[in-house]
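One structure is given here, and the rest of the page talks about it.
Remember, it's 1-based here, ligands and their atoms both numbered in the order they're listed. Just so we're clear, the structure is a prediction, and the values are computed from it rather than from any experiment.
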Amino acid sequence: MSKTVYILNGPNLNLLGKRQPEIYGHDTLEDVEANCRKVAGEFGLDCVLMQSNHEGQIIDWVHEAREKAAGIIINPAAFTHTSVAILDALNAFEGAVIEVHISNVHKRESFRHHSYVSLRADGVIAGLGVEGYALAMRRMGSLLA
Ligand code: CA2
């Protein structure tokens with residue numbers, strides 16, 4: 001059975017490709033999923049992309065990943081900078097974790113410079129646009145081979 005990677009997305013990312021293209025680009029989450037699926041296939045991996053505006057839902061998906069996924073690619077969006085609860089959930093997950101940010105958070109407001117999730121992430125990608133997700137999947141390919 002092929003290994004599964006969860007691609008988890010936090011609040012407002014449902015608007016990806018529909019608002020603020022100057023910051024986040026024109027691709028939608030559906031485009032992101034298609035690109036990731038292509039790369040995952042190259043490595044014999046499967047993937048599932050999910051998005052929620054609710055912190056508890058993201059935590060529940062991280063718990064579910066303990067049984068169902070070998071890796072998590074996560075863009076926690078604004079929860080990156082606030083959520084000890086998502087960090088705690090990720091600390092209970094034993095697989096690989098890669099944190100992705102579409103924008104270069106370090107070039108933006110100072111409150112975006114700190115990430116709780118980075119304390120757990122095995123790798124962090126920021127500022128490479130939505131390509132960052134596919135690159136994260138490529139890295140998952142190496143980590144989970
Ligand atoms: O750059 C990223 O990927 C962020 O995680 C995006 C978050 C932001 O709070 C983080 O600091 C950095 C915001 C996601 C909002 O997504 C939208 C997409 C399109 C239109 C409006 C919001």
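Membership of an apolar cluster is not assigned to F111, as no side-chain contact below 4.5 Å to another ILVMFWY residue is traced.
With 3.5 Å as the limit, one finds a donor-acceptor pair spanning the side chains of N53 and Q51. Between the side chains of E99 and T80, no donor-acceptor pair of N or O atoms lies under 3.5 Å.
For a heavy-atom separation below 4.0 Å, the residues in contact with ligand 1 are P11, N12, L13, L15, L16, R19, Q20, Y24, N75, A77, A78, H81, H101, I102, S103, V105, R112.
Put simply, the residue from D31, N35, N9 that forms a side chain to side chain donor-acceptor pair (under 3.5 Å) with Y133 is N9. For the side chain to side chain contact (heavy atoms under 4.5 Å, CB included) with I74, the lone residue among V97, I98, I7 that qualifies is V97.
Note: H114 and Y116 meet the aromatic proximity criterion, with ring centroids under 6.0 Å apart.
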